[in-house]
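As the structure is a prediction and not an experimental result, all values here were calculated from the model. A, B, ... follow the sequence lines: proteins, then strands. Residue 1 opens every chain.
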2 protein chains.
Amino acid sequence: MSDSQNHKALAPRRHDEILRRLAADGSVGITELAAFFDVSRETIRRDMKFLAERGQLDLVHGGATLFEATEPALTLRSQENAGGKASIGRAAAALVEDGMVVFLDSGTTTLAVAHALTGKQNLTICTTSLTIALHMCRQPHVRVHMLGGEIDPSEEAAVGIDALDAISRFRIDVAFLGAGALSPDGEITDFTRNGAEQRSRMAATAARAYFVLDSSKFGRLTPLRIQRFELAAGIIVDAPPPAAMVEALERKGPKVIVGE
Amino acid sequence: MSDSQNHKALAPRRHDEILRRLAADGSVGITELAAFFDVSRETIRRDMKFLAERGQLDLVHGGATLFEATEPALTLRSQENAGGKASIGRAAAALVEDGMVVFLDSGTTTLAVAHALTGKQNLTICTTSLTIALHMCRQPHVRVHMLGGEIDPSEEAAVGIDALDAISRFRIDVAFLGAGALSPDGEITDFTRNGAEQRSRMAATAARAYFVLDSSKFGRLTPLRIQRFELAAGIIVDAPPPAAMVEALERKGPKVIVGE
DNA sequence: GCCGCATGCCACATATTGCAACATCTGCTT
DNA sequence: AAGCAGATGTTGCAATATGTGGCATGCGGC
């Protein structure tokens with residue numbers, strides 16, 4: 001406020017401060033900012049409109065919030081594209097026979113696989129996901145092994161060195177793994193170092209490994225390549241990916257299985 | 001958590017906070033939220049109605065609960081003697097300071113302890129219980145380690161050799177352990193071999209260990225004595241056990257703490 | 001002087017909120 | 001089982017806050 005009458009570029013100053021407050025608090029109010037800058041509310045509204053058009057914030061009644069502020073909670077994510085996930089689940093379940101040892105990765109798509117496994121007899125389930133463990137241990141004729149470790153709150157699953165360590169003790173018949181994306185050149189990639197490492201090991205360890213990917217993940221780019229993903233038996237999807245991706249992937253090894 | 005005071009929160013901010021609390025606690029109360037945001041209860045009701053129409057929560061009398069696409073986890077309110085367990089939880093939480101490493105055994109009474117720990121800062125929670133891990137990993141400022149192993153469906157918790165093995169890797173400040181019974185002659189006993197062994201190790205390993213026992217377990221007889229239970233710092237109960245039991249127990253070492 | 005632009009002011013439309021009155025529900029006592 | 005007290009849900013309405021568009025003003029640059 002000491003810099004009052006510098007008439008040059010007042011608007012950018014306000015824009016900066018608005019974005020700064022937004023980053024700090026998650027939301028800002030119009031009246032509050034108008035008082036702070038000692039300008040009319042219309043002016044702040046025009047500032048916000050300008051910033052909103054550039055995608056830097058979301059307008060809401062009374063102010064603005066961070067653009068794409070919060071990742072939806074896990075319970076909500078599982079409801080997105082529920083139909084597609086269910087079809088992936090059914091296709092995955094068809095690959096499982098009574099008595100097998102099955103690894104289920106964390107993620108909402110693998111949770112759909114878990115649901116689709118209802119009715120199989122005598123399975124042994126191995127998982128890092130708290131939600132999957134809880135669900136499967138309530139099923140009859142299923143033995144569940146929870147791989148321990150530090151819990152990642154955003155996944156509600158075990159990650160880290162303990163989980164990596166535990167994986168190597170098991171002999172897995174079939175593994176269903178999540179992933180961050182199927183890249184345009186037919187590689188399977190992930191968001192985090194730990195996740196990529198864990199999935200890499202499973203792909204190499206399990207007798208057969210499948211990545212489950214819903215169609216929202218086609219062509220996206222995430223930072224980490226999952227090493228040795230080409231050892232996987234296939235990927236299971238809810239809709240056919242672009243032909244170029246299919247060709248690039250299958251040339252490396254994994255087959256594409258389209259649910260339903 | 002730091003926000004809320006100076007200005008009334010924008011509607012989306014309230015929505016976020018409502019969903020956040022819902023994910024963390026499983027349910028939220030209207031009056032409680034109205035006080036937190038300093039708005040009328042009608043406003044909160046309108047917020048909840050909006051969220052309910054979008055399928056993000058379930059309205060119930062007095063508040064809202066998680067939208068249940070799947071079966072409900074075993075919740076506190078569905079259990080008997082909820083009041084007694086809550087008082088045990090409060091007494092246990094009073095023994096926990098910010099920053100501690102806390103072990104929580106499986107069981108509904110220890111789940112009550114977990115609920116009572118809400119608000120502590122910087123805890124590290126170590127548990128074998130899927131439900132407790134899921135609940136605690138939704139709390140801010142809490143790190144959760146899940147001890148892996150085979151899942152016992154009736155406990156919804158890890159048991160067996162892997163869990164036993166994992167216990168020894170941790171340095172625990174305070175452990176809260178369940179048990180099957182407090183026998184008439186002041187011994188703490190259990191139902192299963194695995195459970196007794198696990199609790200025995202924890203009692204010996206943790207800097208301080210407490211058994212949490214609601215009054216329905218006084219004077220019962222279960223088959224397995226928990227070895228070295230007398231190394232525990234105490235037992236936490238919701239009502240005073242018969243004087244003879246208290247005397248017999250305290251002569252061996254553990255103190256009796258009555259909640260509330 | 002004239003133009004462009006940011007700003008403020010006004011009038012009116014819309015949205016949000018709180019209040020009050022009344023209907024229900026819940027838990028507890030009798 | 002009945003009934004009561006307190007808490008909670010519902011609804012209509014009024015007050016206030018906010019959004020929108022038009023227009024005037026002032027300032028700096030040409």
Side-chain angles (χ1 to χ4, degrees), chain A residues 1 3-19 21-22 25-67 69, chain B residues 3-19 21-22 25-67 75-87 260:
Chain A
M1 23 175 148
D3 51 29
S4 49
Q5 300 325 15
N6 186 350
H7 278 278
K8 267 192 182 157
L10 274 185
R13 275 169 189 273
R14 289 199 307 270
H15 295 171
D16 284 351
E17 176 70 11
I18 289 171
L19 293 175
R21 288 192 175 210
L22 205 50
D25 301 339
S27 67
V28 285
I30 285 189
T31 304
E32 158 200 347
L33 286 168
F36 177 80
F37 291 118
D38 193 26
V39 296
S40 69
R41 293 173 307 144
E42 288 88 336
T43 299
I44 300 295
R45 249 179 234 117
R46 286 168 185 136
D47 288 340
M48 286 186 170
K49 192 178 170 193
F50 172 82
L51 293 168
E53 280 165 1
R54 301 184 27 169
Q56 307 203 17
L57 47 75
D58 258 351
L59 292 178
V60 298
H61 193 91
T65 63
L66 281 176
F67 186 75
Chain B
D3 50 52
S4 84
Q5 265 40 330
N6 281 342
H7 279 283
K8 289 188 178 179
L10 270 30
R13 193 129 183 88
R14 291 198 308 266
H15 296 169
D16 281 352
E17 176 70 13
I18 290 171
L19 292 176
R21 289 188 173 211
L22 207 50
D25 302 339
S27 66
V28 285
I30 286 189
T31 304
E32 156 201 349
L33 286 167
F36 179 79
F37 289 119
D38 191 27
V39 296
S40 69
R41 292 172 316 170
E42 287 90 332
T43 300
I44 300 295
R45 261 184 223 111
R46 282 180 260 232
D47 288 340
M48 287 185 169
K49 190 179 169 195
F50 172 84
L51 293 168
E53 280 166 0
R54 299 184 23 164
Q56 307 201 359
L57 48 75
D58 261 350
L59 293 177
V60 297
H61 194 88
T65 64
L66 280 177
F67 184 81
T75 61
L76 272 187
R77 65 180 99 272
S78 69
Q79 301 301 316
E80 47 196 62
N81 195 13
K85 284 173 177 163
S87 78
E260 191 86 327

Whole-Å distance, B:I44 CD1 to D:dA7 P, equals 19 Å
Between B:R46 and B:E42, does any side-chain N to carboxylate O distance fall below 4.0 Å? no
Between C:dA15 atom C1' and B:K49 atom NZ, what is the distance in whole Å? 15 Å
Send over the distance from B:R41 CZ to C:dT16 P, rounded to a whole Å. 21 Å
Which residue, B:R41, B:R45, B:M48, forms the side chain to side chain contact (heavy atoms under 4.5 Å, CB included) with B:L33? B:M48
Please report, rounded to the nearest Å, how far the P atom of C:dA15 is from the CG atom of B:D47. 16 Å
Along DNA chain D (nearest heavy atom to each residue), the more 5'-positioned of B:G62 and A:V60: B:G62
Do the non-hydrogen side-chain atoms of B:L57 and B:I18 ever get within less than 4.5 Å of each other? yes
Could you tell me how far apart A:F50 (CZ) and D:dT20 (P) are, to the nearest whole angstrom? 18 Å
Using the rule given for side chain to side chain contact (heavy atoms under 4.5 Å, CB included), can you reason through B:R13 versus A:T65, listing the C-alpha separation, both sets of side-chain angles and the distance that settles it, and then say yes or no? CA-CA 8 Å; B:R13 193 129 183 88; A:T65 63; 6.0 Å; no
I want to check one thing: is the phosphate of D:dA7, taken as OP1 and OP2, less than 4.0 Å away from some side-chain N or O of B:T31? no
Can you find a pair of side-chain heavy atoms, one from A:I44 and one from A:R14, that are under 4.5 Å apart? yes
Using atom names, set out every protein N or O paired with an N or O of nucleotides 19-21 of chain C below 3.5 Å, distance rounded to 0.1 Å.
unit_1	atom_1	unit_2	atom_2	d
C:dC19	N4	B:E42	OE2	3.4
C:dA20	N6	B:E42	OE2	3.0

Nucleotide C:dT26, atom C1' - distance to CD1 of B:I30 in whole Å: 15 Å
For B:R14 and C:dG18, give me the distance from atom CZ to atom C1', rounded to whole Å. 12 Å
For B:R13 and C:dT16, give me the distance from atom CZ to atom C1', rounded to whole Å. 19 Å
Cation-pi between B:R21 and B:F36: NZ/CZ under 6.0 Å from ring centre and within 45° of the ring axis? yes
Run the side chain to side chain contact (heavy atoms under 4.5 Å, CB included) check on B:Q56 and B:L22 step by step: do they pass? CA-CA 10 Å; B:Q56 307 201 359; B:L22 207 50; over 6 Å; no
Selected nucleotide, minimal atom distance to A:H61 side chain, candidates C:dA15, C:dG18, D:dG9: C:dA15
Are any of A:R45's side-chain N or O atoms less than 4.0 Å away from OP1 or OP2 of C:dC9? no
